[in-house]
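Numbers restart at 1 for each chain; the letters A, B, ... are given by sequence-line order, proteins then strands.
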There are 2 protein chains.
Amino acid sequence: MMSANEAALGRLQELVVVLSEDMEQGLAALGLTRSRAHVLWELHRCGPVTQRTLSDALRVTPRNVTGLVDALVDGGFVSREPHPTDRRATLITLTGSGAETAAAMAAGQRDLADQLFGSLPPGGVEEFTATLDHLLAQIRSQQGAGGAQR
Amino acid sequence: MMSANEAALGRLQELVVVLSEDMEQGLAALGLTRSRAHVLWELHRCGPVTQRTLSDALRVTPRNVTGLVDALVDGGFVSREPHPTDRRATLITLTGSGAETAAAMAAGQRDLADQLFGSLPPGGVEEFTATLDHLLAQIRSQQGAGGAQR
DNA sequence: TATTGTTATACTCTATAACTATA
DNA sequence: TATAGTTATAGAGTATAACAATA
């Protein structure tokens with residue numbers, strides 16, 4: 001038998017799958033993969049930064065950043081500019097097209113949020129957010145103690 | 001500015017990241033990747049099946065299934081058994097060790113669900129599940145109309 | 001000596017296309 | 001002729017290790 005807790009977790013996973021597919025599809029329409037979009041998003045948030053900074057922010061290796069940036073340069077989304085004071089480093093900078101794409105991602109995010117939560121009853125979003133906060137605290141407090149599946 | 005809807009979506013994404021990391025870590029401890037665990041899970045649910053069936057269930061190509069099953073055979077989790085009536089097909093079957101691992105995944109899932117939802121107030125899980133159902137219906141009803149980011 | 005980014009190499013997941021053995 | 005699974009090839013994301021240029 002399945003407990004109510006298991007049912008909830010299953011439903012949550014189902015939502016994640018559907019949302020992920022939706023997002024991936026939207027990104028593909030913009031010519032992006034998930035990882036490359038993540039880089040673009042970071043640049044959108046934090047302006048031109050070094051690859052080292054991206055490596056830390058995305059928590060992937062510097063080598064990996066090289067590959068992602070290569071692809072984004074090929075796609076015309078970003079350019080490598082010289083660092084003004086450190087000749088070892090490069091400043092990854094959004095091109096005009098890259099900035100437009102990032103703006104489209106932000107708009108898509110807003111639309112998705114409204115589409116998802118717009119029809120909840122008054123106070124529903126706030127309550128849902130509060131529950132998510134509780135779940136986040138739960139999982140973070142006991143982090144390190146096992147966990148598995150799918 | 002960020003709307004309440006955007007904040008909720010952001011929080012949901014945060015939860016997804018933390019949950020994913022937790023699961024991936026648990027699976028790694030069992031010697032599994034996400035994709036291989038998915039195969040094991042399907043076998044746990046549906047008994048010995050052909051690779052073709054797995055291909056349909058996981059929605060990946062037959063070629064991909066070959067690779068995943070190869071890895072699971074190497075790890076001692078499953079074996080390829082002859083199909084009783086169709087000599088083209090193989091029945092992918094859990095080994096003793098594979099069945100134990102699948103049981104461990106199921107147990108981990110139960111533990112995680114209890115850890116997450118166990119401390120919600122009475123009726124809280126049911127309400128949360130109802131909201132998730134609503135969100136799922138929302139996203140499914142409007143599927144096909146754009147969406148992006150991360 | 002430490003840091004930035006690269007080349008070299010490798011593993012996993014994924015896909016398409018061509019092919020073999022069987023239905 | 002169609003289906004089950006494989007080999008061949010390719011691309012994306014990830015990692016470690018060794019190395020160059022610069023701090």
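- Considering only side-chain N and O atoms, A/N64 lies under 4.0 angstrom from the phosphate OP1 or OP2 of D/dT14.
- Judged by closest nucleotide on DNA chain C, A/R88 is the one of B/R88 and A/R88 placed further toward the 5' end.
- In this structure, B/L54 places its CG atom 16 Å from C1' of C/dC13, rounding to the nearest Å.
- Taking 4.0 angstrom as the limit, A/T61 places a side-chain polar atom (N or O) nearer than this to OP1 or OP2 of D/dA15.
- Rounded to whole Å, the distance from NE2 on A/H83 to P on D/dA21 is 20 Å.
- Taking the charged nitrogens against the carboxylate oxygens, B/D56 and B/R52 do have a contact shorter than 4.0 Å, which makes a salt bridge.
- At the phosphate of D/dT7, neither OP1 nor OP2 sits under 4.0 Å from any side-chain N or O atom of B/T66.
- Not one side-chain nitrogen or oxygen of A/R63 sits closer than 4.0 Å to the OP1 or OP2 atom of D/dT14.
- At C/dC13, none of the side-chain N or O atoms of A/R34 fall inside 4.0 Å of OP1 or OP2 (strictly under the cut-off).
- Panel note: side chain B/T90, backbone B/P82; no donor-acceptor pair is recorded below 3.5 Å.
- Within the 4.0 angstrom heavy-atom criterion, no nucleotide atom of any strand lies near B/S55.
- Taking CG from A/L12 and CG from A/L19, the interatomic distance works out to 10.0 Å, rounded to the nearest 0.5 Å.
- Contacts of B/T53 with the nucleic acid, taken as non-hydrogen atoms under 4.0 Å apart, are absent.
- Nearer the 5' end of DNA chain D, as judged by each residue's closest nucleotide, is the contact made by B/P62, out of A/R87 and B/P62.
- One interatomic measurement links the two molecules: CG of A/L68 to P of D/dG11, which rounds to 17 Å at whole-angstrom precision.
- Protein atom CD1 of B/I92 is 11 Å distant from nucleotide atom C1' of D/dA4, rounded to whole Å.
- B/L9 approaches A/F117 most closely through the heavy-atom pair N-CE1, 3.6 Å.
- Judged by distance alone, the side chain of A/S55 and the main-chain N or O of A/Q51 form no donor-acceptor pair under 3.5 Å.
- Rounded to an integer number of Å, the gap from CG of B/D74 to P of C/dC13 is 12 Å.
- Within the nucleic acid shown, A/T33 comes within 4.0 Å of sugar-phosphate atoms alone, with no base atom in reach, counting heavy atoms only.
- Of the candidates D/dG5, C/dT14, C/dG5, C/dT14 carries the atom nearest the B/V60 side chain, counting heavy atoms from C-beta on.
- Regarding contacts with the backbone of C/dT14, a side-chain N or O of B/S35 is found under 4.0 angstrom from either OP1 or OP2.
- In this structure, B/E21 atom CD and D/dT14 atom P are separated by 13 Å, rounded to whole Å.
- Side-chain nitrogen and oxygen atoms of B/R52 include none within less than 4.0 Å of the OP1 or OP2 phosphate oxygen of C/dA23.
- Put simply, B/R36 has a side-chain N or O that comes within less than 4.0 Å of OP1 or OP2 on C/dT12.
- As rounded to whole Å, 7 Å separates atom C1' of D/dA23 from atom CG of A/D86.
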